[in-house]
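Bear in mind the structure is a predicted one, so any value in this text is a computation, not a measurement. Per chain, numbering begins at 1; letters A, B, ... match sequence-line order.
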Amino acid sequence: MKKKLYYILSALIVVSLALASCTPAATEAPPAATEAPATEAPATEAPATEAPAAADEVEVFSWWTGGGEAAGLEAMIKVFNGTDPNIEFINAAVAGGAGTNARAVLATRLQAGDPPDSWQGHAGQELIGTYVAAGQIEPLNGLYESEGWLDVMPETLIPLISQDGNIYSVPVNIHRANVLWYNPGLLEANGVAVPTTMDEWFAAMDTLKAAGVQPLALGEQWTKMHLFETVLLGTLGPDAYNGLWDGSTDWNSAEVKTALENYAKVLSYANSDSASLTWQDASQLVVNGEAAFNVMGDWAAGYFIELGKTANTDYGWAATPGANGVFQFLSDSFVLAVGAPHHDAALEWLKVAGSKEGQEAFNPVKGSICARTDCDKSLFGEYLQSAMDDWSSNTVVGSLTHGVVANDSWKTEIDTALGLFLASGDVDAFQSALVAACASSGPCK
Amino acid sequence: MTKDKDRVLNIILVSPSILAVLIFVYGFIAWSVRVSLSKWKGLNPDYTWNSINNYIDLFKDPRFAVDVKNTLIFTGVFVIGSLSLGFLLAVMLDQGLRGEGFFRSLFLFPMAISYIVTGVVWRWLMNPAMGSRMSGFNLLFTNLGLDSLVNAWHTTPQWGMAAIALAAIWQMSGYTMALYLAGLRAIPQELKEAARIDGASEAQIYRHIMIPLLAPVTLSALIILGHMSLKVFDLIVAIAGKQLQLDVPAIYMWQATFDGLFYGRGAAIGIILLLSVAILIIPYIRYTLKTEAQQ
């Protein structure tokens, strides 16, 4: 009797598992925290292959499966369905923080000669170094000219998303990397002004430290790389910083060494448990009054709003020290696959992604600003409005951590050098590892 | 005649799985070896011959040195910890206490949890924050007045891996206990009774009878735990994310291949991992096959 029950139970389990594996995973949407480390195995997307009407569909691949990103994509798809009602939009999104899983799935599909029509990628070298080098995406100069995008996007942006005069992607949103978040109450109570240079910043943090205030909140390793790029920019200035990535600034120079020493010094003001904090944990310390400064991209503004905090009372912002008037950007953009199965439909999608209407639908929901400079400001919140002003007036430089200035191989080598430096604290070894990284995977000879 | 028929049928029936194993296991191992000897970097396959340079570079790579050190620390703490805790639990359960079944399930239960879940829970428990944000074990220690035990757990420089191994011990010591318990039950009671009649103390019985007779169990447990610790990946990622301080070969392999597109280097790390597991397991498989053949 007992045995029979056991058999029935196990049969039930087997059948239910089999059924579960059969159900199409068409619109899978496990919520993914924006930057959390990816853990689960990639869920391969199901659709794509079926659907008989071949001419009027477009398959778009992204890692926007949760939160404001997924909602923003949905809003943009709605615009697309309005302008191109005959083209079916196939959303081939793969879950996983910051696209780690999605990029592995995409790499597999590209190697198998089965590209989606268009896919998401960080604008700049992350796309160019990987996909242009492999001959997998097409230049879009014609589209930029016919749609007049060159007139509505900042002039300094175009070279950062181009290679040899060819523009390879359509940026739909812009985030700013070099934002110094601070707690206005803590600064005021200790008589500290918002720092504009590295030296002012060090002096401010010394004062705070002496008063028993935690000067700087910092999180896990990638947030330290994010801090690193802003210190490089703040110490070297925009021209020399840009030169690092095209080979005209020597990584072995005394200026870079000063930047590395500055970085080591900044780290000494950080909380001791940084390695166990996510970027949210670290940013939260500032709005909770437990730390004075935090360097994080402007997605933190969306997080602060989510926490119910008020701009300019619970948190304030400024450009990172030494980089006033410089906008260090990152951007999500879409590309056109070489050999896209639905080439014309993909172009229609890209037109929407670059249009005023599409970007105004996407960005307020996602919490970023338009890549275009002509979006309606009234759609955006207080922080984003100030970012829009800066975007159209500042010098634009690219982010390292978020894929604009260095290709993936180079970035991984820099990440390794940085990790070893965090353990050893050896500035000279760090610098020679950076020189070697530029030589092996960057433009340096 | 019927015997021959059976044989043919047998071969037909197993051939699909043999074929699949040949292609998907050995075929891909061979392919990985080939990739590890190439200059493949970037998305497009590049099989340009590179001899063993990927391997030589790895042994000069300071990051790989960190990985090897971390793996050794993890393996040492994890294997010794699980074996001793598992043995202790098995001996206690073997005393014939009431509710044995309940405790057996209780200790085995962590094994049923995935490493990801364990990792998330232990990430909270081992929170290294100090001062007003203190939580987890550190807060418990402070409240109990054991301030000297408060520490930085996995963020401790050099020895952080040992803290990760604690979570793995929690997960796997119940399994080791089950192995030992089965071994203890298989030892005939007569041996113990004879020793008692001869005047041996309980400690002497364990030292000279039980532990030597449990040697095959210890070997099996050692192999199983050892090869698990060489491949550890998900537990670390769940506790600490991808941070170089807690890097292991499996994480480096992932980052080199999919983040950095160094396919040749990634394959080389994979092959080194495979070889190190093989060194551990092949002698064991040969030993088991031999003893089975003898029986």
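Environment of CD in Gln158(B): sparse, with no more than 12 heavy atoms of neighbouring residues, nucleotides or ligands closer than 6.0 Å. By the 6.0 Å contact criterion, CZ on Phe109(B) is open, its count of non-hydrogen atoms from other residues, nucleotides or ligands being 12 or less. In the displayed structure, Tyr115(B) atom OH is contacted under 6.0 Å by more than 12 heavy atoms of other residues, nucleotides or ligands. By the neighbour-count criterion of 12 heavy atoms within 6.0 Å, atom CZ of Arg98(B) is sparsely surrounded, having that number or fewer from other residues, nucleotides or ligands.
Among residues 417-424 of chain A, the residues having any heavy atom closer than 4.5 Å to a heavy atom of chain B are, in sequence order, Gly419(A), Leu420(A).
Under a 3.5 Å cut-off, the side chain of Ser409(A) and the backbone N or O of Leu261(B) do not form any donor-acceptor pair. The backbone N or O of Pro128(B) lies less than 3.5 Å from no partner atom in the side chain of Asp273(A), so there is not a single donor-acceptor pair. A donor-acceptor contact shorter than 3.5 Å links the side chain of Gln243(B) to the backbone of Ala275(A).
Ala152(B) does not touch chain A: none of its heavy atoms, backbone or side chain, sits under 4.5 Å away. Heavy-atom distances place no part of Thr257(B) under 4.5 Å from chain A, backbone and side chain included. When heavy atoms are compared at a cutoff of 4.5 Å, Tyr263(B) approaches chain A solely by way of its side chain, counted from C-beta outward. For a residue to count as touching a neighbouring chain, one of its non-hydrogen atoms must lie under 4.5 Å from one of that chain's; by this rule Ser274(A) does not touch chain B. Heavy atoms of Ser440(A) lying under 4.5 Å from chain B belong exclusively to its backbone. Proximity to chain B is absent for every atom of Glu126(A), based on heavy atoms less than 4.5 angstrom apart. Proximity to chain A involves both the backbone and the side chain of Pro62(B), based on heavy atoms less than 4.5 angstrom apart.
Interatomic distance, Glu220(A) CD to Thr155(B) OG1, rounded to the nearest 0.5 Å: 13.0 Å.
Residues Arg123(B) and Ser276(A) are not in side-chain contact: their nearest non-hydrogen atoms beyond the backbone lie 4.5 Å or more apart. Counting heavy atoms from C-beta on, the side chains of Leu285(A) and Arg133(B) come closer than 4.5 Å. Side chains of Leu43(B) and Gln136(A) form a contact here, defined as non-hydrogen atoms less than 4.5 Å apart.
In terms of heavy-atom pairs under 4.5 Å with chain A, the best-connected choice from Trp153(B), Phe258(B), Phe262(B) is Phe262(B).
For Glu413(A) and Lys41(B), the salt-bridge test fails: no basic side-chain N is under 4.0 Å from an acidic carboxylate O.
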Practice task
Let me see the working for Lys242(B) and Asp415(A) under salt bridge (Lys or Arg N to Asp or Glu O under 4.0 Å), right down to the final yes or no.
Solution key: CA-CA 10 Å; Lys242(B) 292 180 196 163; Asp415(A) 189 39; over 6 Å; no
